[in-house]
There are 4 protein chains.
Amino acid sequence: MEDKARKQNKRSLIIEAAARIFATRGFNSTLMAEIAAQAGIGKGTIYEYFSSKEDLFFSVFEWFVEKTQAEAKVSISALGGSASERLKALNDALLRSWLDMLDMYSLVMEFWSASASSKMRQRFKQAFREGYRDFRQIVSALLRDGIETGEFQPEVDAESVAAALVGAWDALLLQAWFDEGFDPLTTSRRFMAVLINGLVSKPQAI
Amino acid sequence: MEDKARKQNKRSLIIEAAARIFATRGFNSTLMAEIAAQAGIGKGTIYEYFSSKEDLFFSVFEWFVEKTQAEAKVSISALGGSASERLKALNDALLRSWLDMLDMYSLVMEFWSASASSKMRQRFKQAFREGYRDFRQIVSALLRDGIETGEFQPEVDAESVAAALVGAWDALLLQAWFDEGFDPLTTSRRFMAVLINGLVSKPQAI
Amino acid sequence: MEDKARKQNKRSLIIEAAARIFATRGFNSTLMAEIAAQAGIGKGTIYEYFSSKEDLFFSVFEWFVEKTQAEAKVSISALGGSASERLKALNDALLRSWLDMLDMYSLVMEFWSASASSKMRQRFKQAFREGYRDFRQIVSALLRDGIETGEFQPEVDAESVAAALVGAWDALLLQAWFDEGFDPLTTSRRFMAVLINGLVSKPQAI
Amino acid sequence: MEDKARKQNKRSLIIEAAARIFATRGFNSTLMAEIAAQAGIGKGTIYEYFSSKEDLFFSVFEWFVEKTQAEAKVSISALGGSASERLKALNDALLRSWLDMLDMYSLVMEFWSASASSKMRQRFKQAFREGYRDFRQIVSALLRDGIETGEFQPEVDAESVAAALVGAWDALLLQAWFDEGFDPLTTSRRFMAVLINGLVSKPQAI
DNA sequence: CATGAATGAGGCTTCATTCAT
DNA sequence: GATGAATGAAGCCTCATTCAT
């Protein structure tokens, strides 16, 4: 039991060391030796816990997804008030938590790239597919809630808005990654104002 | 004159061959030999036109950016009607043109990854920063136009909506890349309906 | 301690294997793979001890210089008798020790060539410059000794004779390298007889 | 006839261009393209006159030997006076003519290296063997002349002294190549004084 | 369990040489 | 004859992975 815990600890130690290096160097430029050094262990030891560099990378991915999802769930569970208010609060919570670890955002790009071309692309693609689906569902549930209570218009397609919103959050962070002068939090708030207005306002006859 | 044209042609030939291979294999798994074979030339010939694999990759990036921007500009210049209509048309045009080359979307992910970790990250980052900036400006100009004509509400922050919209397009395609069952065009249209409603409707007092 | 010794041993193993191959094939025609095979190790192992082929080559050079200088110093320290006798004994000792490794003489030519044109020319040139200077000093000290004891004439310029003598030894071996029928030991002894006669005889008034 | 002359001219043009590049870069680092550029012709043209890089290099060697031998012969034919005087004059003439082209001395080292390891080593070795033999013979003829006229002692072994002298000249230039502060002309004169003293003085009984 | 020295497959790149114009 | 674009064999070096200690 204790043994298992120690083993778990070392595994985490390696994963977090690897995450740091992968984030700065990228998958291909990262050397197993660097990860070992960063973790303060021997090169060979990594192979006691992971079967290959790709396996380790995928484990980092799983760890990362779990970590960010956990944070997102915490944010969401804490939401209260009207659907609009919860939507705004979610926007703030998500962007804030991501901005706190913007230096880790390069990891996301590595994961995207891996989903496009690595040998494990299928595993990555599936995880992304499911991750996005889950996330869209959380958001669309919130939207449907707003529709059911009459706060949002019944014409609104919750799924579509959820998908676009999830995408917008991702891509605002991407733009922030590229452009240090870009402020995604303020941008997202101003955008949310318009979007929420669109959700609550009766569509104009055309 | 003819000589220069021939040289230009061969350069393009190599770039397009490289784009295909990079898109399917990713940067690192792509062999220079494969590119040469794909282009129907000798391995050494590539180095007559590009100084290294990285240089070729960046050239593919430049070619890709130019190509997609050219298409986008054509779409935009053809727009007419009200701001809302132009926005919807732009949405359709962009998504359609990207969906036509969804198999090339993995290239975008390779470029993102390169911007995060390759030796050329600065070059990539800068190009992305400028690319996004340009694109946001085109969209925000359209939005400001709508505001000035009174079609859109004056409270709307054109910059922020443009940034989120540009991001949403990107990220809807990303979701489509991960999920074959996801229909980004329909999704985007339904989302646009809500967004445009938010742009034109007088904000509710809260 | 044992570890360091093992590491040192393997380094030497590689250097001596490399020396053999460089001597027969020359720098450029020598393959790292050949050296590894000759040393009975894997190709990659060489790079655990040397950063590049050039680095290994320079290390062979340093090893060679050290080895030959050590032999020369042993020869010199064992000398006794008059200055003339010591000079003759030095002549014999040096030529004999070099003739024992005439098959390694091609290495010297590779070193000369490297000092003329390789990327490391500065390092080689400096080492040669210092090596020749040291050697000239040893011989000129011996000559000055003879002058001070009155055995050699005071008009003798010890530095100049030392330089020419050192050069003659080198170049006699060079001629022996080119011409198997050339006997540098006998030649040098007969030459030394004349030179020593010139050192001890009172200059003729002209 | 005119055609043949033009062909000869271009051949020489290439050889001299090649000599310059080989002297500065060394054989291995020299690119055929550099030689062509230096000669102001196209790369392919070199192959109209020489069958390969090695062939061109050997032709440079032949040209160089011919050139330096011609100079030496001119020097020698101009000599007059006693054997001692002719020896001193030869020393001066040879060193002066070589010092004038010390920047070409690296070529000699390339030739030595080629004789040790190139594919053409046999051709080079033979040429060097014969070159040294010829040169030794010229000098030993001069010495024998001095012996026959009674100016030099009969005990002198002309062959041996010639070999050592020829070697000393070579090696003094070598030392000058390595050490800019080394003055081979003065050194050689002071050495010659001692050597000539040894040649003319009656050997001491020992 | 942990280690890191040893390995060798693999790939980018160079450059002498060819040959169509 | 002259050219230089095209070629591909060849070789240095990297680095994930193994395994004896």
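Everything numeric in this text was worked out from a predicted model, so none of it was measured. Per chain, numbering begins at 1; letters A, B, ... match sequence-line order.
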How long is the line joining [atom1] of [X] and [atom2] of [N], in whole Å?
X: Ile14(B); N: dA5(F); atom1: CD1; atom2: P; result: 13 Å
X: Arg11(A); N: dA2(E); atom1: CZ; atom2: P; result: 14 Å
X: Phe50(B); N: dC12(E); atom1: CZ; atom2: P; result: 15 Å
X: Arg25(D); N: dT14(E); atom1: CZ; atom2: P; result: 15 Å
X: Ile35(C); N: dG11(F); atom1: CD1; atom2: P; result: 13 Å
X: Leu13(B); N: dA5(F); atom1: CG; atom2: P; result: 17 Å
X: Lys119(B); N: dT14(F); atom1: NZ; atom2: P; result: 11 Å
X: Glu48(D); N: dT17(E); atom1: CD; atom2: P; result: 14 Å

message: Judged by each residue's nearest nucleotide on DNA chain F, which is more toward the 5′ side, Gly40(B) or Thr45(C)?
response: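 Closest to the 5' end, via its nearest nucleotide, is Gly40(B).
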
query: Relative to the 5' end of DNA chain F, which residue comes earlier, Tyr47(A) or Lys53(C), by the nucleotide with the nearest heavy atom?
result: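 So the residue in question is Lys53(C).
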
message: Whether Tyr49(C) contacts dA6(E) is assessed here as follows: a side-chain N or O lying under 4.0 Å from the phosphate OP1 or OP2. Is that the case?
response: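 Looking at the OP1 and OP2 atoms of dA6(E), one of them is under 4.0 Å from a side-chain N or O of Tyr49(C).
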
- prompt: When the nearest nucleotide of DNA chain E is assigned to Leu31(B) and to Glu54(D) on a heavy-atom basis, which residue is associated with the more 5' position?
  reply: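 It is Leu31(B) whose nearest nucleotide is closer to the 5' end.
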
message: If you assign Ser51(B) and Ser29(B) each to the DNA chain E nucleotide with the nearest heavy atom, which residue ends up on the more 5' nucleotide?
response: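 It is Ser29(B) whose nearest nucleotide is closer to the 5' end.
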
message: Under 3.5 Å, is there any donor-acceptor pair linking the side chain of Lys43(C) to the base of dG10(E)?
response: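 It does, because a donor-acceptor pair links the side chain of Lys43(C) to the base of dG10(E) below 3.5 Å.
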
task: Report the base-pairing partner of dT21(F) (Watson-Crick or G-U wobble, both distances below 3.5 angstrom), or none.
output: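 Result: dA2(E).
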
field: Complementary nucleotide of dC12(F), counting Watson-Crick and G-U pairs under 3.5 Å
entry: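 By the stated definition (distances under 3.5 Å), dG11(E) pairs with dC12(F).
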
Greater than 12 external heavy atoms within 6.0 Å of Arg25(A)'s CZ: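 No.
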
message: Please tell me whether Phe61(A) and Phe128(A) form a close aromatic pair, meaning their ring centres lie under 6.0 Å apart.
response: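 Yes, close enough.
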
query: Are the ring centres of Phe111(C) and Phe57(C) closer than 6.0 Å?
result: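 Yes - the distance between ring centres of Phe111(C) and Phe57(C) falls below the 6.0 Å cut-off.
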
- prompt: Can Gln122(D) and Gln126(D) be said to form a side-chain hydrogen bond (donor to acceptor under 3.5 Å, both in side chains), step by step?
  reply: CA-CA 6 Å; Gln122(D) 286 315 327; Gln126(D) 188 189 332; over 6 Å; no

query: Rounded to the nearest 0.5 Å, how far apart are CD of Glu110(C) and CZ of Phe124(C)?
result: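 It comes to 9.5 Å.
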
